Amino acid sequence: MKRRFTLPLAPTLPEEMIEEILLRLPVRSVLRFKCVCKSWLSLTSDPQFAKSHFDLAAVPTHRILKFSKYSIAKSAEIDNPFQLNSAELVVNIPHPSPDRNHKWRIDVVGSCRGFLLLAAATSDIIYFLIWNPSTSLEKRFNKVWSMLPYLCGIGYDSSTDDYVVVMITLPLLHIHGRLGTEIHCFSSRTNSWSYTENTVPYISFSNDFSHHGSLLHGAVHWLVHSYYGFHPVIIAFDVMERKLSEIPLPPDLADRSEIYDLRLMGKCLCLCFLGYESGPAEMWMMKEYKVQSSWTKLYILPPICYPPRCYFAPICFTRDGEILGYDNSKTLVRLHHRGELLEHRVHGQCEGIYRFPHCGMYRESLLSLPDIDLDHCLRANRRSGAKGVESNQ
Amino acid sequence: MAEETESTKTEPLKTAEEEFKKLEITEEEESELKLETSDHVTFMVEASIAMKFGAVQQYLEVSPAASASATAIPLHNVASRELILILEYYRMHDWVDAGERDLKEFDERFLKDLNYEELKELLLAANYLNVEKLFNFLTKSIANIIRNKDVEFVRTFFGIDNDYTPEEEAAYREENAWAGVKFV
């Protein structure tokens, strides 16, 4: 390819065309080119630019963030082999608690439009942080808590341009008198919590206190146990309508207890089963959202592809249909869609079999959180009166 | 491909509306529009292709008589060199038999033959003509060229003067250090 490259290159492009070109760059290139000149800096720092860039999605890049040790994480590109230099970055994790000496464990409990929701629970307060790892933008808030298991997630309400954090506290099975499931929502626009609803009880699916919610079609999803009957069920909280609903599991899975996780894979809800030496990893995908008959057994990964005494826990699909997952030697593994091992990389620590909340997936974005709407704040406070709103900090 | 012509056609004058109707019905007997570039070269272009140009549509809305090939539609900001390329692109992408692979191959070859100046000239022309498909293709292609390049390359490519002081620039690079990792 012959390129003549003289100085300076005529013609000069007007700014609106430069913008069209910048909109088609991946996030990290845009960030790097902020120091080309001052007008590029102001252009790419404009929230409207960030929005157009996100919506156009010309080169969306997805990353997996894995905590390697306290307050340090490694971030790897999902669609590129780990060997590429670019694929892995080291990122400092901001602590949700304003107290820097705080050493409570940080969990990733949600992901939405380039933001990760981090949580750190003390004995009476949960500290939250909405964080965009690409731009380092962050926002802190907290919630008083009474040591009940909770589900968490973050969603986007496009009607009000608001990021909504959902926290659902679950009753403990053997403690009577506290049967309800309480739903709380935090609006980043009003900067406050509002108490939404007390619904039928559900029971935490595993022994973990916190549970990561998966965002799909405007609703956050979790796997729980029904209180009566104790069978697994998926619940979905619609962020715009503020409504909780149930999504049925495939009938023949209803009493299987070895489901380890509900995941978003290839933009579908996916139930994952651990693959041990004794049996293969299995995945069920709900191909059509909320259609029970569309649950399909998708993959059975043969255990022979993998060393003995290992399990494989799928995390996501890559663009080319490979499967990314973890094994019990704390290793991030990339498998061919037929199950052959392509590559693996030690990517931080794992605590026990079920402990995967230390990794979060996000699509890189330049988005910032919308400004706090003071009028809206006042109205919301008045509406909910004294009963439900906890002031924040 | 491009014919420099004095119009030899003697079609009766028609209103633009009739002309459009005819376009929809008869494909074999395709009508043509006369376009004149900034360097005063006249092109007879298939109406089905010329009507993809927003600038041509707009012109015809204002003066529908020009759809009869007697008068040339002036394209003030497009030189013949660019129009030839644009027509080449649209004829290929308009061709019904072109498969996805053919188009991909064509696009690659099309880009290969352009140097950076030509690429930018073509983008300016595509913007003036208001041809969305080509405009998107070119902006995407330029983005692909620069995405993994360093800041100096980008400044040269666009002819931009660095208006940061060395201290400001250093501070900025530090801040975005992890985005500055060079990757291929």
Side-chain angles (χ1 to χ4, degrees), chain A residues 1-42 44-45 53 56 58-59 61 73-75 77 80 83-92 133-136 364 366, chain B residues 77 108-109 111-128 132 135-165 168-184:
Chain A
M1 200 185 303
K2 52 176 195 325
R3 296 281 197 211
R4 277 178 286 126
F5 206 52
T6 46
L7 269 167
L9 279 175
T12 315
L13 299 179
E15 185 157 307
E16 60 270 22
M17 275 183 235
I18 298 272
E19 181 173 357
E20 289 293 332
I21 294 167
L22 294 182
L23 283 173
R24 287 163 174 82
L25 286 171
V27 166
R28 298 211 299 128
S29 303
V30 175
L31 292 173
R32 197 166 69 244
F33 295 156
K34 275 176 188 284
C35 55
V36 164
C37 64
K38 285 178 182 169
S39 69
W40 280 36
L41 172 67
S42 65
T44 53
S45 306
H53 185 271
L56 184 67
V59 229
T61 45
K74 284 179 182 169
S75 161
E77 233 175 287
N80 275 332
Q83 282 98 334
L84 280 183
N85 287 338
S86 72
E88 199 165 273
L89 298 163
V90 177
V91 196
N92 284 318
S134 311
T135 60
S136 311
E364 288 181 292
L366 301 161
Chain B
N77 289 331
E108 275 166 21
R109 213 159 9 91
L111 271 185
K112 231 178 183 174
D113 292 341
L114 297 170
N115 65 31
Y116 294 152
E117 291 97 323
E118 287 163 345
L119 199 54
K120 286 190 287 178
E121 292 283 7
L122 198 56
L123 180 66
L124 285 166
N127 181 58
Y128 170 78
E132 206 187 333
F135 184 82
N136 288 340
F137 170 66
L138 293 172
T139 45
K140 207 175 113 196
S141 305
I142 296 179
N144 273 340
I145 291 171
I146 63 169
R147 61 182 280 182
N148 293 331
K149 302 287 198 300
D150 56 23
V151 171
E152 284 71 26
F153 176 93
V154 173
R155 283 187 190 132
T156 318
F157 186 97
F158 291 104
I160 292 171
D161 293 326
N162 178 15
D163 52 1
Y164 284 107
T165 65
E168 281 174 331
E169 192 179 339
Y172 233 91
R173 283 187 189 229
E174 179 76 15
E175 197 177 308
N176 281 304
W178 77 286
V181 183
K182 208 171 171 184
F183 50 104
V184 190

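Here is the naming used below: chain letters follow the sequence lines, and residue numbers restart at 1 for every chain. Everything numeric in this text was worked out from a predicted model, so none of it was measured.
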J.: Indicate the atoms forming the closest heavy-atom contact of A:S29 with B:R147, along with that distance.
T.: OG-O, 2.8 Å
J.: What part of A:V30 is in contact with chain B, defined as an atom under 4.5 angstrom from a non-hydrogen atom: side chain, backbone, both or neither?
T.: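 For A:V30, no heavy atom lies under 4.5 Å from chain B.
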J.: Identify the two heavy atoms, one from B:V151 and one from A:C35, that lie closest to each other, and give their separation to 0.1 Å.
T.: CG1-O, 3.8 Å
J.: Only pairs under 3.5 Å count here: list side-chain donor-acceptor contacts from residues 14-23 of chain A, not counting sequence neighbours, and write none if there are none.
T.:
unit_1, atom_1, unit_2, atom_2, d
A:E20, OE1, A:R24, NH1, 2.9

J.: For B:L123, which atoms come within 4.5 Å of any heavy atom of chain A: side chain, backbone, both, or neither?
T.: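 Looking at B:L123, backbone and side chain both touch chain A.
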J.: Does the side chain of B:F158 come within less than 4.5 Å of A:V36's, by heavy atoms?
T.: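 They are not in contact (no side-chain heavy atoms under 4.5 Å apart), so the answer is no.
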J.: Keeping A:R32 on the side-chain end and B:K149 on the backbone end, is there a donor-acceptor pair under 3.5 Å?
T.: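 Looks like yes, one N/O pair under 3.5 Å.
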J.: Could you check which of B:D161, B:N162, B:V154 has the highest count of heavy-atom pairs closer than 4.5 Å to chain A?
T.: B:V154
J.: For chain A, find which of B:E169, B:E168, B:E121, B:E152 contributes the most heavy-atom pairs closer than 4.5 angstrom.
T.: B:E121
J.: Rounded to the nearest 0.5 Å, what separates atom CG in B:L119 from atom CG in A:L13?
T.: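 It comes to 9.0 Å.
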J.: Do B:R155 and A:C37 come close enough that some side-chain heavy atom pair is under 4.5 Å?
T.: no
J.: Of the backbone (N, CA, C, O) and the side chain (C-beta and beyond), which part of B:L138 lies under 4.5 Å from a heavy atom of chain A, both, or neither?
T.: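 No part of B:L138 comes within 4.5 Å of chain A.
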